[in-house]
Every structure is written in C-alpha cells, then in structure tokens.
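Read through the structure below, which is laid out as structure tokens, and then see the notes.
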Amino acid sequence: MMKIYPIIAAIGLLITVVSVLKKSPFFNFLGLLTLIYGLLKSVGLITAPFPAQVMTMYMAMSVFSLFIYFSIQESTFEALLEPVRAVLADDNKRILRVLIVFIALPLFAGYLTFDKVKPNYEPPVSARIVHPEPVSSIEFRGKPITIIGLENPLRKDAANMAGNLEAGKKIYYQNCFYCHGDDLDGRGHLALGFNPVPPPFRGTDTIAQLPESFVFWRIAKGWRGLPAGSTPWNSAMPSFEDLLTEDEIWKVTLFIYEATGNKPRS
C-alpha cells in the first residue's frame with residue numbers, strides 16, 4: 001500500500017509540469033497538492049509515517065499557502081477559479097454539475113464519514129504483557145532504589161502539595177503531553193505515529209491499577225527497563241532518567257494521578 005504514494009507524487013509532478021506548459025492555474029493547483037500529498041505519505045517508506053493529525057495540518061497549510069500564491073496576481077486567481085465557475089454556472093455543463101455536486105461530493109463525504117466511524121477490529125500486532133511485573137529494584141543515576149513497596153514521598157508533604165502538583169503539571173506539559181495528550185487521554189499530537197499508541201491515564205484500567213512505584217519505574221527507565229516477559233515490545237516510551245531528577249519524577253507522577261482523579265493502588 002505504501003508503494004503507491006511515490007506513484008501519486010509522480011502523477012502530481014506530471015500534472016504540475018503539464019499544467020505549467022498549458023498555463024492552467026487550476027490544474028497546477030491540483031497537481032501541486034497531489035505532489036505534496038504523495039511526498040508526505042512517501043515518508044512512511046523510509047521512517048515512521050506522519051500521524052493523521054500532522055498530515056491534516058500539513059495539507060491544510062499547503063492549501064492555504066497555494067491560495068495565497070495563486071491570488072497574488074488577479075489574472076492568475078481568476079484563471080484558477082474559472083473552471084469552478086464554469087461548472088457551477090454554465091448551462092452547457094449541467095450534467096457535469098449534477099455529477100459533481102449531487103453525486104460525487106455526497107459520496108465522497110459519505111465515504112469519509114464511514115471511514116471515521118467504522119469499528120476497527122484489527123488484531124494486535126504481537127502478543128505481549130501490557131503491565132509486566134515490576135523489577136524489585138533499579139539503579140537510578142548510580143543510586144540503588146527498591147521498587148517493591150516504594151511509596152511517593154511527596155504524598156506525606158501536605159504543606160507543599162499544591163506547589164508539588166503545579167511543578168508536576170509543568171513537567172508533564174514540557175515532556176509528556178506530546179504523546180499522552182493535552183487531556184492525559186493518550187491522544188497526543190504524536191500518538192498515532194506509535195505502535196502501540198501511548199496509554200491513556202484516564203479511566204480505570206491503566207494507572208488506577210498500578211502503584212506509584214510502577215509509574216516511577218516506567219518513567220525512569222522507559223522501554224529499556226522492561227523485562228523479557230514483556231517482549232516483543234515496540235514501545236517508544238523513552239527513559240527520563242537522564243532528563244528528570246528523582247524528585248521531578250515523583251512530582252509528575254503526583255500530577256498524573258491528581259489530574260485524572262485516580263488513586264494509586266497500594
């Protein structure tokens with residue numbers, strides 16, 4: 001399926017070249033959009049594909065930029081709109097108008113709606129343990145930490161709870177929300193580029209089932225700290241051991257539970 005996108009890009013390039021020679025801004029516009037779409041989707045052949053949200057953003061920016069480009073000269077902009085006006089207003093193109101306005105566009109809109117709402121029953125790519133047994137201890141920046149039975153020390157600091165939560169919130173939005181989402185629902189801007197997608201923190205089936213020591217371990221070590229029982233594992237969760245201090249990891253853990261209304265499992 002991915003191999004079709006370079007062909008789409010080549011078709012877009014061909015339309016662009018021919019439309020320039022024919023001096024047709026309308027088909028030049030369509031050709032450039034086709035070329036851009038094909039090139040962006042072809043990125044998936046050499047690295048991770050762009051998430052759907054990013055693709056939508058890039059294409060919207062392309063349409064906007066091309067409209068600006070073609071509207072710089074009034075004569076070019078008039079030529080760009082001429083085929084659209086002809087289809088909508090010329091009585092000689094009545095049949096074409098009916099085909100586009102009353103058949104093609106409703107069918108296209110219906111397909112997009114169906115594609116969005118249809119259930120997805122794709123099987124998991126590989127069997128794995130989602131919540132592996134935590135290791136008994138880890139070495140964090142050269143310091144041994146016992147994970148089993150470990151509690152968040154900041155929960156006992158009631159006097160500074162508000163400040164710690166605010167600090168945890170800042171840490172989350174500087175490091176985590178790109179994948180786990182602005183609303184902590186696992187729908188960050190980059191989420192769809194990963195397999196498996198980042199887990200949501202809301203609900204009762206993720207962090208609500210886990211002690212804070214588990215969350216500390218996962219943030220500190222990321223995918224590199226997973227035991228063999230959790231493989232094959234394609235998680236993109238990075239290790240934050242070199243980026244965050246022990247105190248900062250506890251603060252962001254505190255914020256994640258507080259923001260989602262969950263209580264850590266004891």
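It should be emphasised that the depicted structure is a prediction, and the values quoted were computed from it without experimental measurement.
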Kindly indicate, with the supporting measurements, whether the criterion ring-ring contact (aromatic ring centres under 6.0 Å, His included) is fulfilled by Tyr69 and Phe29. CA-CA 10 Å; Tyr69 173 75; Phe29 182 86; over 10 Å; no

Ile171 and Phe255: side-chain contact (heavy atoms from CB on, under 4.5 Å), yes or no, with the steps? CA-CA 9 Å; Ile171 294 167; Phe255 166 74; over 6 Å; no

Could you walk me through whether Glu212 and Trp250 pass the side-chain contact (heavy atoms from CB on, under 4.5 Å) test, one step at a time? CA-CA 8 Å; Glu212 284 183 287; Trp250 282 127; 4.1 Å; yes

One pair to check against side-chain contact (heavy atoms from CB on, under 4.5 Å): Lys221 and Glu241. What are the steps and the verdict? CA-CA 6 Å; Lys221 295 297 182 182; Glu241 181 177 6; 2.8 Å; yes

Stepwise side-chain contact (heavy atoms from CB on, under 4.5 Å) check, Arg141 with Thr245: CA-CA 9 Å; Arg141 297 190 178 188; Thr245 65; 3.9 Å; yes

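Clustering ILVMFWY residues whenever any of their side-chain heavy atoms sit less than 4.5 angstrom apart, transitively, puts Val98 in a cluster other than the one holding Phe108. One hydrophobic cluster holds both Met55 and Val43 under the rule that ILVMFWY side chains link at heavy-atom gaps under 4.5 Å. Ile4 and Leu35 are members of different hydrophobic clusters when ILVMFWY side chains are connected at heavy-atom separations under 4.5 Å. Clustering ILVMFWY residues whenever any of their side-chain heavy atoms sit less than 4.5 angstrom apart, transitively, puts Ile219 in a cluster other than the one holding Val197. Hydrophobic clustering (ILVMFWY, side-chain heavy atoms < 4.5 Å, transitive): Leu32 and Leu13 are in distinct clusters.
A distance of 11.0 Å separates OG in Ser213 from CZ in Arg265, rounded to the nearest 0.5 Å. Summarising the geometry, atom OG1 belonging to Thr260 is positioned 3.5 Å from atom CD1 belonging to Ile207; distances are rounded to the nearest 0.5 Å. Taken to the nearest 0.5 Å, the CD atom of Glu258 stands 6.5 Å off from the NZ atom of Lys263. Note that CG of Asp157 and CG of Asn152 are 10.5 Å apart. Values are rounded to the nearest 0.5 Å. Note that the CD1 atom of Ile11 and the OG1 atom of Thr34 stand 8.5 Å from one another [nearest 0.5 Å]. The line from CD1 of Ile249 to CZ of Phe240 is 9.0 Å long, rounded to the nearest 0.5 Å.
Partner of Leu154 under the side chain to side chain contact (heavy atoms under 4.5 Å, CB included) criterion, out of Leu254, Asn160, Thr253: Leu254 alone.
Two residues are said to be in side-chain contact when any heavy atoms from C-beta on lie closer than 4.5 Å; Leu80 and Thr76 fail this criterion.
Here the shortest heavy-atom pairing between Leu150 and Thr146 reads CB-O, 3.3 Å. Taking all atoms of both residues into account, the shortest heavy-atom contact from Ser42 to Pro6 is OG-N, 3.3 Å. Closest of all the heavy-atom pairs between Tyr257 and Pro264 is CE2-CA, 3.4 Å. The shortest non-hydrogen separation linking Ile147 to Trp217 is CD1-CB, 4.2 Å. Across all non-hydrogen atoms, the minimal contact from Ala208 to Gly203 is CB-O, 4.0 Å. The shortest non-hydrogen separation linking Gly12 to Thr16 is O-OG1, 2.7 Å.
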Result block: side-chain N/O donor-acceptor pairs under 3.5 angstrom for residues 180-189, not counting sequence neighbours:
unit_1	atom_1	unit_2	atom_2	d
His180	ND1	Pro199	O	3.1
Asp183	OD1	Arg202	NH2	3.2
Asp185	OD1	Arg187	N	3.1

Pairs under 3.5 angstrom only: tabulate donor-acceptor contacts from the side chains of residues 56-66 to other protein residues two or more places apart or in another chain.
unit_1	atom_1	unit_2	atom_2	d
Thr56	OG1	Ala52	O	2.9
Ser62	OG	Tyr58	O	2.8
Ser65	OG	Met61	O	2.8

Would you tabulate the side-chain donor-acceptor contacts of residues 81-95 under 3.5 Å, counting partners in other chains and residues two or more places apart, or write 'none'?
unit_1	atom_1	unit_2	atom_2	d
Arg85	NH1	Glu78	OE1	2.6
Asp90	OD1	Asn92	N	2.9

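For Glu248, the CD atom is densely surrounded, since the number of other residues' heavy atoms within 6.0 Å is greater than 12. By the 6.0 Å contact criterion, CD on Gln174 is enclosed, its count of non-hydrogen atoms from other residues, nucleotides or ligands being greater than 12.
With hydrogens and angles ignored, the 3.5 Å screen pairs no side-chain donor or acceptor of Asn28 with any backbone N or O of Val20. Listed for the Ser239 side chain is a donor-acceptor partner under 3.5 Å among the backbone atoms of Ala220.
Note: Phe216 and Phe140 have tilted aromatic rings, judged against thresholds of 30 and 60 degrees for the angle between ring planes. Ring geometry for Phe177 against Tyr173 counts as tilted: the plane angle lies between 30° and 60°, on a 0 to 90° scale.
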